[in-house]
Amino acid sequence: MSGAPDQDDGRDRPEVELSGVQETLLWNLYQRACEAREPGTVLEDPRAVELVDRLDYPFEKKFGPSVPFLAQGQALRVRSFDAAVRAFLAEHPDGTVVALAEGLETQFWRVDNGRVHWVCVELPETAELRGRLLPDGARQSTLVQSALDLSWADAVDPARGVLITAQGLLMYFQPAEVRELIAGCAERFPGAALVFDAVPKWFSARTLRGEMRTAQGYSAPPMPWGLDAGELRTVRSYHPRITDVRELRVPRGRGFYHGALSPLLQRLPGLRNMRPTMTAVARFGS
Ligand SMILES: C[S@@+](CC[C@H](N)C(=O)[O-])C[C@H]1O[C@@H](n2cnc3c(N)ncnc32)[C@H](O)[C@@H]1O
C-alpha cells in the first residue's frame with residue numbers, strides 16, 4: 001500500500017509549510033490516513049485520506065512509506081481518544097469538547113452526535129491551515145493562541161459539561177509547563193476531565209538525543225516531558241482538585257502485537273513502561 005500520491009492529479013493542491021512541532025501534525029494525519037486505507041481498518045477516517053491525497057506535501061518522501069504496524073498503533077491511540085469523547089457525550093450530549101492542539105485531526109466528524117460544541121485551541125500557522133482545509137461549522141470554534149496561555153478557558157462555557165483533550169501535545173512541553181497546564185485546567189473546570197497522551201521517559205530521552213529519525217532523515221522534535229505509565233498517579237499531585245488519573249484501555253487491533261501483546265503489556269507493571277505511548281484521563285472534582 002502506498003501513502004500519499006506525490007504526483008499532480010490536476011486538483012487544487014493546498015500548500016503546507018510547517019516546521020518543528022507544528023509539522024508533526026502531518027505525521028499524525030499521514031498515519032491515520034495510512035491505517036484508514038487498510039482493509040479491515042481499525043479507524044474509519046475518510047477525511048484524513050482525502051486530506052493526505054489533496055495536500056501539496058511530500059508525505060512519503062518525508063516520513064517514508066506506510067508502515068502498517070506504526071499506522072495501526074497511532075490509529076488505536078486515536079481510537080482511545082474517540083472512545084473517551086463518545087463516553088463523555090453519552091453523559092453530556094450538549095457538552096463542550098475543548099481540543100487543545102487539534103492540528104488536522106478529523107475527530108469532530110468521527111464522533112459528532114449533532115449536538116456537541118467543539119472548541120479548538122491552536123497556534124496561528126496551524127489554525128490558518130486548519131481554517132482553510134477543515135473550516136469550523138456552526139457548533140465549532142477556534143481560539144488562535146497557545147494552549148499554555150490559559151485565557152482560552154475564559155471563552156469556554158462550562159454549563160453543559162466540559163471535556164478537554166490534548167492529543168500529541170504535552171510531550172512537547174517542559175515538565176513545569178505540563179504541570180501548570182494540567183493544574184490550570186483543574187482549577188478552571190471543576191467536574192471536568194482531561195484526556196491526554198504521554199511518552200515514557202526512555203522515549204523522551206531518545207528524542208532529546210535526536211535519535212528518533214526516519215530513514216528519510218525526518219527527525220521527531222524533542223519531547224522534554226516523559227511520564228512512565230507506572231508513575232501516572234503522580235499527576236494527582238499537580239492540583240488538589242485532581243481526584244483520579246488512570247490509563248485508558250487500548251483497543252484491540254489486528255496482528256500479534258496490536259491484537260494480543262499490547263493489551264497484555266498494558267496490564268504488566270514491569271513491562272508497561274516499555275510501550276512507546278499511553279493515553280490517560282485526569283478527572284477533576286467539583
Ligand atoms: C503531534 S501534533 C498533534 C495534532 C493533533 N492533535 C493530532 O493528534 O493529530 C502537535 C500539534 O500541537 C500544536 N501545538 C504545538 N504547540 C502548541 C501550543 N503551545 N498551543 C497549542 N497548540 C500547539 C501544533 O500546532 C500541532 O497541531
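Numbering of residues begins at 1 and proceeds along the displayed sequence. Note that ligands are numbered from 1 as they come in the structure, with each ligand's atoms numbered from 1 the same way.
Of all atoms in ligand 1, numbered sequentially from 1 with element shown, those under 4.0 Å from a heavy atom of Arg32 are 9 (O). Per-residue contacts place Leu25 under 4.0 angstrom from the following atoms of ligand 1 (heavy atoms of the residue considered): 2 (S), 27 (O). Ligand-side atoms of ligand 1 in range of Gly168: 1 (C), 2 (S), 3 (C), 10 (C), range being under 4.0 angstrom from any heavy atom. Ligand-side atoms of ligand 1 in range of Thr126: 25 (O), 27 (O), range being under 4.0 angstrom from any heavy atom. Those atoms of ligand 1 with a heavy atom of Phe173 less than 4.0 angstrom away are 18 (C), 19 (N).
Not a single heavy atom of Glu125 sits under 4.0 Å from any atom of ligand 1. Ligand 1 is never approached by Leu100 to a heavy-atom distance shorter than 4.0 Å.
Using a 4.0 Å cut-off between charged nitrogen and carboxylate oxygen, Glu105 and Arg110 count as a salt-bridge pair.
Every pair passing ring pair (Phe, Tyr, Trp, His ring centres under 6.0 Å) that includes a residue from residues 195-234 is listed here, sequence neighbours excluded: Phe63-Tyr218.
For Arg132, the CZ atom is densely surrounded, since the number of other residues' heavy atoms within 6.0 Å is greater than 12. Summarising the local packing, CZ of Arg254 is surrounded by more than 12 heavy atoms from other residues, nucleotides or ligands at distances under 6.0 Å.
Within the 6.0 Å centre-distance limit, the rings of His258 and Phe69 are counted as a close aromatic pair.
When heavy-atom distances to ligand 1 are checked against a 4.0 Å cut-off, Trp27 has no atom that comes that close, whether in backbone or side chain. At a heavy-atom distance under 4.0 Å, only side-chain atoms of Leu169, from C-beta outward, approach ligand 1.
Side chains of Thr24 and Pro221 form a contact here, defined as non-hydrogen atoms less than 4.5 Å apart.
Each of Arg160, Arg139, Arg115 was compared with Asp94 under the side-chain hydrogen bond (donor to acceptor under 3.5 Å, both in side chains) criterion, and only Arg115 meets it. When the options Lys201, Arg236, Arg272 are evaluated for a salt bridge (charged side-chain N to carboxylate O under 4.0 Å, His left out) with Glu231, the one that passes is Lys201.
Nearest protein neighbour of atom 19 (N) of ligand 1, counting heavy atoms only, is Ser146 OG, 2.9 Å. Protein heavy atom closest to atom 27 (O) of ligand 1, with residue, atom name and distance, is Glu122 OE2, 2.6 Å. For atom 12 (O) of ligand 1, the nearest protein heavy atom (residue, atom name, distance) is Ala101 CB, 3.3 Å. Of the protein's non-hydrogen atoms, the one nearest atom 16 (N) of ligand 1 is Leu123 CD1, 3.4 Å. Closest to atom 1 (C) of ligand 1, if we only count protein heavy atoms, is Thr24 OG1, 2.9 Å. Among protein heavy atoms, the minimum distance from atom 5 (C) of ligand 1 is reached at Glu102 O, 3.3 Å. Scanning the protein for heavy atoms near atom 7 (C) of ligand 1, the closest one is Asn28 ND2, 3.3 Å. Protein heavy atom nearest atom 21 (C) of ligand 1, with residue, atom name and distance: Ala147 N, 3.5 Å.
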- [ ] Mind running salt bridge (charged side-chain N to carboxylate O under 4.0 Å, His left out) on Arg13 and Asp53 for me, showing each step along the way?
- [x] CA-CA 9 Å; Arg13 293 175 71 77; Asp53 283 348; over 6 Å; no
Open item on the list: Checking Glu122 against Arg130 for the salt bridge (charged side-chain N to carboxylate O under 4.0 Å, His left out) test, could you report, in this order, the C-alpha distance in whole Å, the side-chain angles of both residues, the deciding distance, and whether it holds?
Closed with: CA-CA 9 Å; Glu122 256 295 358; Arg130 187 176 172 87; over 6 Å; no
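For the atom pair Glu180 CD and His239 NE2, the distance stands at 11.5 Å (nearest 0.5 Å).
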